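Some notes on the structure that comes next.
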Amino acid sequence: MSFVIFFFFSGVMLVLSTLQFMEKGVPLNNRYLYATPSERQRMDKKPCYRQSAIVFLLLGILFATLGLQSIFRHRILFILYWTLLFVTPAYAVASAIWPVMRKLKDNVS
């Protein structure tokens, strides 16, 4: 019965991903959420939307894989789940750090 919960979370993540890809609503991104109101007005939100959309998409696929794994108990799904479990946070951290590092590099040059 746990697969129902996993598919529910997968659906929620995929809806959030779709909304972020369509740039609807607030960008669910730390860079945007921690910015002051004046910074938010002049910031380019497109990268924030894109990063959030990709992370939510990966989380949606991860939860769907976990739901399928709980039903079928197939080794490939198990491997896919663990791969996504490592790739998703690695992408989230790397894509959050990359703009900061690029900005620092531009300021030094």
Side-chain angles (χ1 to χ4, degrees):
M1 209 49 189
S2 62
F3 67 91
V4 174
I5 296 169
F6 295 136
F7 287 135
F8 172 76
F9 282 125
S10 175
V12 169
M13 295 299 142
L14 292 175
V15 166
L16 285 172
S17 175
T18 302
L19 291 173
Q20 294 294 293
F21 273 121
M22 293 170 46
E23 297 182 8
K24 301 288 184 187
V26 177
L28 300 173
N29 185 289
N30 282 344
R31 196 172 105 204
Y32 178 81
L33 295 174
Y34 290 142
T36 64
S38 62
E39 289 174 333
R40 287 180 185 177
Q41 288 179 346
R42 63 178 190 263
M43 117 184 335
D44 181 20
K45 295 177 192 80
K46 196 168 191 85
C48 295
Y49 277 118
R50 184 173 181 269
Q51 182 205 18
S52 299
I54 292 171
V55 170
F56 284 125
L57 178 64
L58 288 171
L59 287 172
I61 295 169
L62 187 137
F63 278 114
T65 304
L66 191 56
L68 290 171
Q69 168 62 20
S70 67
I71 295 171
F72 298 114
R73 309 268 185 216
H74 198 275
R75 184 176 178 87
I76 295 295
L77 293 170
F78 181 76
I79 293 168
L80 180 60
Y81 167 73
W82 279 100
T83 302
L84 286 169
L85 192 62
F86 286 106
V87 167
T88 301
Y91 172 78
V93 170
S95 63
I97 292 174
W98 181 253
V100 174
M101 296 301 287
R102 188 171 38 187
K103 191 174 185 179
L104 287 174
K105 182 182 173 190
D106 291 343
N107 288 340
V108 170
S109 298

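All values reported here derive from a predicted model rather than from experimental measurement.
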Requested in this report: I would like to know whether Phe21 and Ile54 meet side chain to side chain contact (heavy atoms under 4.5 Å, CB included); could you show each step before the answer?
Outcome: CA-CA 8 Å; Phe21 273 121; Ile54 292 171; 4.1 Å; yes

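When hydrophobic clusters are built by joining Ile, Leu, Val, Met, Phe, Trp and Tyr residues whose side-chain heavy atoms come closer than 4.5 Å, directly or via intermediates, Tyr81 is grouped together with Leu57. One hydrophobic cluster holds both Phe63 and Leu14 under the rule that ILVMFWY side chains link at heavy-atom gaps under 4.5 Å. Placement of Val93 and Met101 within a single hydrophobic cluster is found when ILVMFWY residues are connected by side-chain heavy-atom separations under 4.5 Å, directly or transitively.
Listed here is the closest heavy atom pair of Thr88 and Leu62: OG1-CD1, 4.3 Å. Between Phe3 and Ser70, the shortest heavy-atom contact is CB-OG, 3.2 Å. What you find for Gln20 and Ser52 is that their closest heavy atoms are OE1-CB, 3.4 Å.
Side-chain contact between Leu33 and Val26: present, with at least one pair of heavy atoms (C-beta onward) separated by less than 4.5 Å. The shortest side-chain heavy-atom distance between Thr65 and Phe6 does not fall under the 4.5 Å cut-off.
A donor-acceptor distance shorter than 3.5 angstrom exists from the side chain of Ser95 to the backbone of Ala92, with no hydrogens or angles considered. At distances below 3.5 Å, not a single donor-acceptor pair connects side-chain atoms of Glu23 with backbone N or O atoms of Tyr49. Listed for the Lys45 side chain is a donor-acceptor partner under 3.5 Å among the backbone atoms of Arg40. Judged by distance alone, the side chain of Ser17 and the main-chain N or O of Met13 form no donor-acceptor pair under 3.5 Å.
Legend: residues meeting ring-ring contact (aromatic ring centres under 6.0 Å, His included) with Tyr32, ordered by chain and number and at least two apart, are absent.
A distance of 10.0 Å separates CD of Glu39 from CZ of Arg31, quoted to the nearest 0.5 Å.
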